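Data block below; observations after.
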Amino acid sequence: MVLDPQLIWNGLVVGSIISVAALGLTLIFGILNFINIAYGDYMAAGAYVAWAVNAQAGLPIGVAIVAGVLFMSVGSVVLDKLVFQHFRTRSPITLLIVSIGVAFFIRNLLRAIWGPSGHFYDLPLEANPSFAGVRFSIEQVAIIVASLLLLLGVYVMLRRTRIGIAMRAASDDRMLSRIRGVDTEKLVLYVWLIGGAIAGLSGIMLGLDAQIRPNMGFTALIAIFAAVILGGIGDPKGAVAGGYFIGVAQEVSVAVIPTEYKFGVGLVALIIGLLTRPDGLFGEATR
Amino acid sequence: MALVDLLLVVGIIAGVYSLLAIGMNMHWGDTGLLNFAHAAFFAVGAYTSAILTTPPATGSLATRVVGFDLPIVVGIAAGTAIAGVVGVLIALPSVRLEGDYLAIVTLSAAELIRLMIHNEAWLTTGAQTLKNIPRPLDGAIPFSYDLFYFLLVWAIVGVCYLLFERLSSSPFGRVLHAIRENDDVPLALGKNTYMFKLKSFGIGAAVAGLAGGLWAHYVYAISSIMFLPSITFLIWAAVIVGGAGSYGGAILGASVVVGLRQITRFIPGDVPFGDQLSYIRLMIVGVVLILVLYYRPQGLLGDAERLQAGTSE
């Protein structure tokens, strides 16, 4: 069987979005140690705010993207102060259930403000060029470039900056990092700022590639979870690899299985991954 | 519709959700298992019963070629059993996983099942609604049918409540509680904790299947969008609000959540924000969930001691 390059391209686009989202989710998990079910709804909120700035207020898409990302970055901190902060001493499971409440709230707030139906960004219509038999859109190229830049940026941040190094230390061993003088509260603030910004950006990317809907992020959440778990929960490098793997596997699978089932590929990959490598692709048996 | 009729409909929905919450309480309240596949068990029960009790679709546009036209009792019983089997099948590979991993795998498995229901039109009518599901004793009830169904559903809720309360305090239930507290301890005492978890998963899923059957035979028509993961999350909210570990709490929590969702049925449509009310009530469910977790973590009827358990890593 010859692989259709179009499918691989589609997979790279979807994989870029999943990778970015998975990176944000796994950063939050690494430091705060709970699975944020509301993460998909953070993504949707970022996409909606950008849409409102772009299509409703009529500003250029670049401004809209910055607005959406900043909104979710600050919004995540606000939600932490309002909600999650008060549960920080509780068990990870309690926090997970709290995040269900937050998810309900955000998703239905979006529906209440902007209605249940789908929207599109207001973008200039351009003919989709093709290269070597692969048809692509400007948005898709932008998604891939933006995701690579972001992944590189986060990599440098985690390796080179004080806050990044503190994050990695806290992710490895929170107690030890605190003893060594890492300011936990400041760290939490930065994690939400960065994690929220990434959520907003990945939501906007998702909206650029498809439709903006209230449940868009929640629907994508399973593929994102699959990427995070395949890569090993809390491991940024793994999340990115897992994201590209799921994205490409999902799109390429269309060649052999009915299209309707392509979303099942991520799920099956997740289940097989968990059974064979419960600590992730690069994971050590720590959990 | 008169107020009483509306109340009966809300009551029927509350009863069905109570059964779902009873099943979830067996998983989380008694055993400490994070099940996020409840909507799928609900769907399996509903579809099994609907397929067994209706004839195959006819006509030129018919897609569903499977149908058995069996009695409703057979359908609901089979729906209950098959949902239980599906629960065990999902649990077989996943129930050994740690809490949050289990949550994600079961959520994924549930979506896979929904995807199959949505796409296997020969069996489920696919994306279209499966219609003409028969109602039990339809036409034979001398008084309001909704009143009959309300009584039927709540009688079943009552029986299940007594059954599960008993099960919870039986030796079987005590092993489940021990697993919830710390599953190394019953293991050290020679209990096969894996088998107990499988049974807990199967039984809880079966009640959800029963709820599915009762739902399908009440609403005439079902479609895959009725079984989105948001149902699972609503049931979680119900169990937590009512108080994990308490079956009375599960029923109360389900009634509170359904009440909050349905209360807007009683508000006239021309109030301000009338269009947004259905979303606002779900926002309220989210807020109530968070407030209960903050101010009363054991829930309305839950036992504070239960909190010590199942919540550790």
Side-chain angles (χ1 to χ4, degrees), chain A residues 29 33-35 37-38 41 82-84 86-87 90-113 115-116 214-215 218-219 221-226 228-229 233 258-264 266-275 278 287, chain B residues 28 32 34 36 90 93-94 96-105 107-113 115-116 118-120 126-127 228-230 232-234 236-237 239-241 244 273 275-294 297 307 310-313:
Chain A
F29 179 87
N33 196 32
F34 79 99
I35 294 180
I37 297 279
D41 303 288
L82 282 175
V83 182
F84 291 118
H86 307 288
F87 294 92
R90 306 272 191 90
S91 76
I93 305 291
T94 304
L95 275 154
L96 186 153
I97 296 169
V98 168
S99 75
I100 295 176
V102 174
F104 265 115
F105 188 84
I106 299 176
R107 201 176 318 150
N108 289 291
L109 182 64
L110 294 177
R111 288 193 181 115
I113 300 174
N215 61 351
F218 182 70
T219 315
L221 203 54
I222 289 175
I224 299 166
F225 278 154
V228 167
I229 289 191
I233 276 191
T259 316
E260 303 83 50
Y261 280 112
K262 71 175 180 183
F263 297 108
L267 314 182
V268 173
L270 167 62
I271 292 168
I272 294 173
L274 271 176
L275 296 177
R287 243 179 105 91
Chain B
W28 171 241
L34 281 166
F36 277 79
I90 291 180
S94 61
R96 291 177 204 268
L97 297 169
E98 303 238 4
D100 28 20
Y101 282 82
L102 179 63
I104 291 173
V105 172
L107 181 64
S108 304
E111 272 300 89
L112 208 51
I113 289 173
L115 213 55
M116 286 166 76
H118 191 77
N119 289 303
E120 301 303 325
L228 294 172
S230 47
T232 301
F233 290 103
L234 270 181
W236 265 98
V239 169
I240 300 296
V241 168
F273 299 111
D275 293 342
Q276 279 85 35
L277 274 176
S278 60
Y279 309 126
I280 292 171
R281 63 196 186 185
L282 279 168
M283 289 163 68
I284 294 172
V285 171
V287 173
V288 167
L289 177 61
I290 294 167
L291 290 179
V292 166
L293 279 164
Y294 187 69
L307 269 189
T311 50
S312 61
E313 277 274 272

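These numbers were taken from a predicted model, which means no experiment stands behind them. Letters A, B, ... are given to chains in the order of the sequence lines, protein chains preceding strands, and every chain is numbered from 1.
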Quick one: what part of B:Ile240 sits under 4.5 Å from any heavy atom of chain A, side chain, backbone, both or neither?
side chain
If I measure from the heavy atoms of chain A, does B:Leu228 come under 4.5 Å with its side chain, its backbone, both, or neither?
neither
Checking heavy atoms, do the side chain of [X], its backbone, both or neither come under 4.5 Å from chain B?
| X | result |
| --- | --- |
| A:Leu221 | neither |
| A:Val83 | side chain |
| A:Ile35 | side chain |
| A:Val268 | side chain |

Top of [options] for chain B proximity - count of heavy-atom pairs under 4.5 angstrom:
| options | value |
| --- | --- |
| A:Phe87, A:Tyr261, A:Phe218 | A:Tyr261 |
| A:Ala226, A:Gly101, A:Ala103, A:Pro116 | A:Gly101 |
| A:Ile222, A:Ile113, A:Asn108 | A:Asn108 |

Among B:Leu107, B:Asn119, B:Val287, which has the most heavy-atom pairs under 4.5 Å with chain A?
B:Asn119
Checked B:Leu289, B:Val285, B:Leu34, B:Leu293 vs chain A; the most non-hydrogen pairs under 4.5 Å come from B:Leu293
Check: A:Arg90 side chain, B:Pro297 main-chain N or O, donor-acceptor pair, under 3.5 Å:
no
Min side-chain heavy-atom separation [X]-[Y] under 4.5 Å:
| X | Y | value |
| --- | --- | --- |
| B:Asp100 | A:Phe29 | yes |
| B:Val105 | A:Ile229 | no |
| B:Phe36 | A:Leu96 | yes |
| B:Tyr279 | A:Arg107 | no |

Distance in Å, [X] [atom1] paired with [Y] [atom2], rounded so as to fall on 0.5 Å steps:
| X | Y | atom1 | atom2 | value |
| --- | --- | --- | --- | --- |
| A:Thr219 | B:Glu111 | OG1 | CD | 8.0 Å |
| A:Phe105 | B:Leu282 | CZ | CG | 12.0 Å |
| A:Glu260 | B:Glu120 | CD | CD | 8.5 Å |
| B:Ile104 | A:Leu267 | CD1 | CG | 12.0 Å |

Can you confirm whether B:Met116 is buried at CE, in the sense that more than 12 heavy atoms of other residues, nucleotides or ligands lie under 6.0 Å from that atom?
no
